[in-house]
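Take a look at the structure set out below.
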Amino acid sequence: MKKSIKDDPKYKIKVILPINQEAADMYIDDVMQEVEEVLAPDFDFEVVGLDQKATSFIQSRKSEEWNAPFISEVAIQAEKDGFDGIFISCFGEPGVEALREQLKIPIVGGFFPSVSQAQLVCYKYAIISVVESVLPMISYIGNAKEVDSRIVSYRQIGVPVADLTDINLVIKKTVEQATIAIETDGAEAIVLGCTGMLGVAEPVQSALSAHYSSLGGEHCNVPVIAPTAAAITMLQSLIRSKTYHSNLTYYPPTEQYPAPSTKE
């Protein structure tokens, strides 16, 4: 766990990396930097991974299912500990829907805040993620959230989550796919489809904007949406406005369940 310590924050956010703590440690510093860039002065946050029995990355529905009890355990404890909101740091939003039935505080994943932000700045956009196996998972969410009519394509850079620390490679591959999405698919903006693509949005946006400005001879802004920044920004708004999920959508469960066995 890592904390951003402020003297007297009004609100606290728990950022859950939905992978085991050993794997999470590889990303925590970069996650903290991206969160801090959009964090309001009256907010503080903590970043934490999961139990070591969780998987080290999520690139399949099976890993989402496997990690779900560990995510739930951390999220439920965060509400008990007085946190005001939760960000599950994964574009696929594992556990978010079920946890909204159990929690009273706002909880977001990476997908919906990102596409909501994109829809404020363009009409058509592409989502660029890591590997081919996650594209059907992401497109399923797009269909379920009824936003797929504005998503012109789902693309992947061919870099697995385990290799995302090679940021120069990730930037290069993302620029390549973004250029294809713009010129072939008609995208007007790009959404990064993995919260592990840290530190990528700004250099990709700069490269695209410079390229298309040079062709047109004028300034050309091509928005690139970073899912972590989008999620933290939206979560702060929900917390500050005291807005959280409707229990006419997310009914509190009435079934009785034994405590999940996530510990030895």
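Counting from 1, the numbers follow the sequence of the chain as shown. Here the structure is a predicted model, which means the values were calculated and not measured.
In this structure, Asp30 contributes its side chain and Leu198 its backbone to no donor-acceptor pair below 3.5 Å.
Annotation: the span from Ser56 atom OG to Gln21 atom CD amounts to 13.0 Å, rounded to 0.5 Å. How far NZ of Lys172 is from CG of Asp166: 11.0 Å, rounded to the nearest 0.5 Å.
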*asked:* Set out, in order, the CA-CA distance, both residues' side-chain angles and the distance that settles salt bridge (Lys or Arg N to Asp or Glu O under 4.0 Å) for Asp42 and Arg240, then state yes or no.
replied: CA-CA 10 Å; Asp42 55 343; Arg240 198 184 299 282; 2.7 Å; yes
*Take Val15 and Leu17 through the test side-chain contact (heavy atoms from CB on, under 4.5 Å) and record every step on the way to the result.*
CA-CA 7 Å; Val15 178; Leu17 305 188; 4.3 Å; yes
*Determine, stepwise, if the pair Gln119 / Arg150 fulfils side-chain contact (heavy atoms from CB on, under 4.5 Å).*
CA-CA 8 Å; Gln119 290 179 173; Arg150 293 176 63 177; 3.7 Å; yes
*Stepwise, does the side chain to side chain donor-acceptor pair (under 3.5 Å) test hold for Tyr212 with Glu183?*
CA-CA 11 Å; Tyr212 290 105; Glu183 297 181 358; 2.9 Å; yes
*Could you walk me through whether Gln102 and Ser72 pass the side-chain contact (heavy atoms from CB on, under 4.5 Å) test, one step at a time?*
CA-CA 9 Å; Gln102 303 169 69; Ser72 178; 4.0 Å; yes
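Ile225 and Ile180 fall into different hydrophobic clusters, where Ile, Leu, Val, Met, Phe, Trp and Tyr side chains are chained together by heavy-atom contacts under 4.5 Å. Hydrophobic clustering (side-chain heavy atoms under 4.5 Å, transitive across Ile, Leu, Val, Met, Phe, Trp, Tyr) groups Val38 together with Val35. By the criterion of side-chain heavy atoms lying less than 4.5 angstrom apart, applied directly or through intervening Ile, Leu, Val, Met, Phe, Trp or Tyr residues, Val147 is grouped together with Val191 in one hydrophobic cluster. Ile157 and Val175 fall within the same hydrophobic cluster, where Ile, Leu, Val, Met, Phe, Trp and Tyr residues are linked whenever their side-chain heavy atoms come under 4.5 Å apart, directly or through other members. Residues Ile28 and Leu39 fall within the same hydrophobic cluster, defined by Ile, Leu, Val, Met, Phe, Trp and Tyr side chains chained together at heavy-atom separations under 4.5 Å.
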Could you pull out every donor-acceptor pair under 3.5 Å between side chains of residues 81-94 and any protein atom, sequence neighbours left out?
from, atom 1, to, atom 2, distance (Å)
Asp81, OD1, Gln77, NE2, 2.9
Asp84, OD2, Lys12, N, 2.7
Ser89, OG, Thr195, OG1, 3.3
Glu93, OE2, Phe111, N, 3.1
Glu93, OE2, Phe112, N, 3.0

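A donor-acceptor pair shorter than 3.5 Å cannot be found between the side chains of Gln33 and Asp29. Side-chain contact of Ser209 with Ser206: a donor-acceptor pair under 3.5 Å is absent, judged by distance alone. A donor-acceptor contact under 3.5 angstrom links the side chains of Asn67 and Thr55, judged on distance only. At a cut-off of 3.5 Å, with distance as the only test, a side-chain donor of Gln205 or Asn221 sits close to an acceptor on the other residue. Judged purely by distance below 3.5 Å, without hydrogens or angles, the side chains of Tyr11 and Gln236 never pair a donor atom with an acceptor atom.
Residue pairs meeting the ring-ring contact (aromatic ring centres under 6.0 Å, His included) criterion with at least one partner in residues 122-155, sequence neighbours excluded, are absent.
For Lys104, there are no side-chain hydrogen bond (donor to acceptor under 3.5 Å, both in side chains) partners two or more places apart in sequence or in a different chain. Residues that satisfy the side-chain hydrogen bond (donor to acceptor under 3.5 Å, both in side chains) test with Glu146, not counting sequence neighbours, are absent from this structure. With sequence neighbours left out, the salt bridge (charged side-chain N to carboxylate O under 4.0 Å, His left out) criterion links Asp163 to no other residue. In this view, Lys62 and Glu65 satisfy the salt bridge (charged side-chain N to carboxylate O under 4.0 Å, His left out) rule, not counting sequence neighbours.
Tyr27 approaches Thr165 most closely through the heavy-atom pair CE2-CG2, 4.3 Å.
No side-chain heavy atom of Asn20 sits under 4.5 Å from any side-chain heavy atom of Lys53. Leu164 places a side-chain heavy atom less than 4.5 Å from the side chain of Val159.
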